[in-house]
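Below is a structure I'd like to ask you about.
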Amino acid sequence: MEKRPKALTVLLRTERKTLVKIELFHAREWDAEALGYRIRRDGAWVCEQGKRTFYTVSALTKFLLRLVAHCLGDEVGVETHEPQIRPGTFVRVKRYDEKLSVEHLVTAKIMGPPIRAIDGKWYVLVDVPYDGKTYVEVKP
């Protein structure tokens with residue numbers, strides 16, 4: 001359970017259910033010198049290239065715009081099509097084992113639909129055994 005205070009929570013909902021829950025945290029909660037925000041989507045941190053990522057207000061605005069457009073089914077000028085991969089599918093994910101200092105593949109279950117991130121790449125939320133939920137890039 002996250003104990004740091006949230007700066008803002010955004011829920012994107014239809015009349016019947018919540019589609020996406022976005023929580024924003026001030027970057028200074030991790031690094032006193034950092035500016036911007038960290039994003040947690042549906043309980044998993046949004047990271048670029050597997051690293052802790054802080055978003056400026058401008059980058060955060062673009063992220064939220066793409067997310068709202070995705071929920072509405074609008075591509076907002078996106079050139080590539082959504083990957084045909086669905087929740088419940090099992091996939092292989094690269095993970096780094098710090099104890100053994102090696103990278104290996106593990107089987108993970110996709111927990112949500114693909115999303116297009118601000119970097120233009122597609123990501124899916126996966127549940128990695130013993131690691132929890134995290135976003136990974138969808139690669140062909």
Side-chain angles (χ1 to χ4, degrees):
M1 177 107 188
E2 181 60 52
K3 299 204 189 272
R4 294 175 187 94
K6 295 176 192 126
L8 179 70
T9 299
V10 178
L11 296 175
L12 298 179
R13 303 181 347 173
T14 63
E15 290 181 8
R16 297 195 176 121
K17 69 174 189 168
T18 299
L19 298 175
V20 179
K21 180 179 180 181
I22 301 294
E23 298 166 297
L24 304 178
F25 296 81
H26 290 284
R28 65 178 174 262
E29 294 294 330
W30 284 266
D31 180 350
E33 302 296 316
L35 299 174
Y37 299 89
R38 280 198 78 191
I39 302 171
R40 192 164 65 174
R41 179 182 177 189
D42 296 328
W45 294 110
V46 176
C47 299
E48 293 185 22
Q49 294 140 9
K51 298 179 181 175
R52 182 181 300 156
T53 306
F54 300 121
Y55 292 84
T56 63
V57 173
S58 175
L60 179 59
T61 302
K62 290 177 185 176
F63 174 85
L64 291 172
L65 176 62
R66 284 190 179 275
L67 189 58
V68 168
H70 176 75
C71 288
L72 293 173
D74 187 356
E75 292 296 320
V76 190
V78 173
E79 298 170 8
T80 61
H81 297 286
E82 180 177 332
Q84 297 302 309
I85 191 165
R86 298 289 167 239
T89 304
F90 286 91
V91 294
R92 303 287 280 167
V93 178
K94 282 185 184 179
R95 302 307 287 168
Y96 183 76
D97 187 328
E98 292 181 13
K99 291 179 184 174
L100 300 175
S101 298
V102 296
E103 190 174 78
H104 57 100
L105 292 173
V106 297
T107 301
K109 184 177 181 180
I110 295 176
M111 303 303 292
I115 63 161
R116 180 110 186 214
I118 199 165
D119 63 2
K121 298 175 184 175
W122 287 97
Y123 293 85
V124 289
L125 179 64
V126 297
D127 191 6
V128 180
Y130 309 107
D131 244 359
K133 294 179 182 177
T134 187
Y135 282 93
V136 295
E137 183 181 351
V138 175
K139 296 186 179 180

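Note that the numbering runs from 1 along the sequence shown for the chain. What you see is a predicted model, and the numbers here were worked out from it, not measured in a lab.
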**OP:** Working to the nearest 0.5 Å, report the span between CZ of Phe54 and CG of Leu35.
**Re:**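 Phe54 atom CZ to Leu35 atom CG measures 10.0 Å (nearest 0.5 Å).
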
Original post:
Would a 4.5 Å heavy-atom cut-off, applied to side chains only, mark Lys21 and Thr9 as touching?
Top reply: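 Answer yes - side chains close enough.
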
Subject >> Neighbour count above 12 (heavy atom, 6.0 Å) for Arg86 CZ >> reply: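 Enclosed: over 12 neighbouring heavy atoms sit under 6.0 Å from CZ of Arg86.
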
Original post:
Are Leu105 and Val93 side-chain neighbours, meaning at least one heavy-atom pair lies under 4.5 Å?
Top reply: no

Original post:
Out of curiosity, does Leu24 fall in the hydrophobic cluster containing Trp30 (side-chain heavy atoms, cut-off under 4.5 Å, transitive links)?
Top reply: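 Different clusters.
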
Subject >> Residues Lys6, Arg40; criterion side-chain contact (heavy atoms from CB on, under 4.5 Å); working and verdict >> reply: CA-CA 10 Å; Lys6 295 176 192 126; Arg40 192 164 65 174; 4.0 Å; yes

**OP:** Please examine the side chains of Ile115 and Val124, heavy atoms only from C-beta on, and report whether any two atoms are closer than 4.5 Å.
**Re:** no

Original post:
Which atom pair, heavy atoms only, marks the closest approach of His26 to Ala7?
Top reply: NE2-CB, 3.4 Å

Subject >> Separation between CG of Asp131 and CZ of Arg95, rounded to the nearest 0.5 Å >> reply: 4.5 Å

**OP:** Report yes if some heavy atom in the side chain of Pro114 is under 4.5 Å from a heavy atom in the side chain of Ile85; otherwise report no.
**Re:** yes

Original post:
How far does OH of Tyr123 sit from OG1 of Thr134, to the nearest 0.5 angstrom?
Top reply: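 Going from the OH atom of Tyr123 to the OG1 atom of Thr134 covers 10.5 Å.
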
**OP:** Output the distance between atom CG (Leu125) and atom CD1 (Ile110), rounded to the nearest 0.5 Å.
**Re:** 9.5 Å

**OP:** Would you sort out whether Arg92 and Lys94 count as a side-chain contact (heavy atoms from CB on, under 4.5 Å), showing the intermediate values?
**Re:** CA-CA 7 Å; Arg92 303 287 280 167; Lys94 282 185 184 179; over 6 Å; no

**OP:** Could you grab the distance from atom NZ of Lys121 to atom CD of Glu137, nearest 0.5 Å is fine?
**Re:** 4.5 Å

Subject >> Glu2 and Trp45, any side-chain heavy atoms less than 4.5 Å apart >> reply: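 A side-chain contact exists here, since the closest heavy-atom pair is under 4.5 Å.
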
Original post:
Just checking, is any N or O donor in the side chain of Arg38 or Thr53 under 3.5 Å from an acceptor N or O on the other one?
Top reply: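 Side-chain D/A pair, Arg38 to Thr53: absent.
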
Original post:
Is there side-chain contact between Leu64 and Ile22, with heavy atoms separated by less than 4.5 Å?
Top reply: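 Sidechains of Ile22 and Leu64: in contact.
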
**OP:** Hey, could you give me the CG/CG distance between Leu12 and Leu19, rounded to the nearest 0.5 Å?
**Re:** 7.0 Å

Original post:
Given side chains that start at C-beta, do those of Phe25 and Leu8 come closer than 4.5 Å, heavy atoms only?
Top reply: no

Original post:
Is the Trp122 to Tyr135 ring centre distance short of 6.0 Å?
Top reply: no

Original post:
Which atoms form the tightest heavy-atom contact between Pro87 and Pro113, and what is the distance?
Top reply: CG-N, 3.8 Å

Original post:
Do Glu29 and Arg4 sit within salt-bridge range, that is, some charged N less than 4.0 Å from a carboxylate O?
Top reply: no

**OP:** Side-chain contact test, heavy atoms from C-beta onward, threshold under 4.5 Å: evaluate it for Leu11 versus Val20 and give yes or no.
**Re:** no

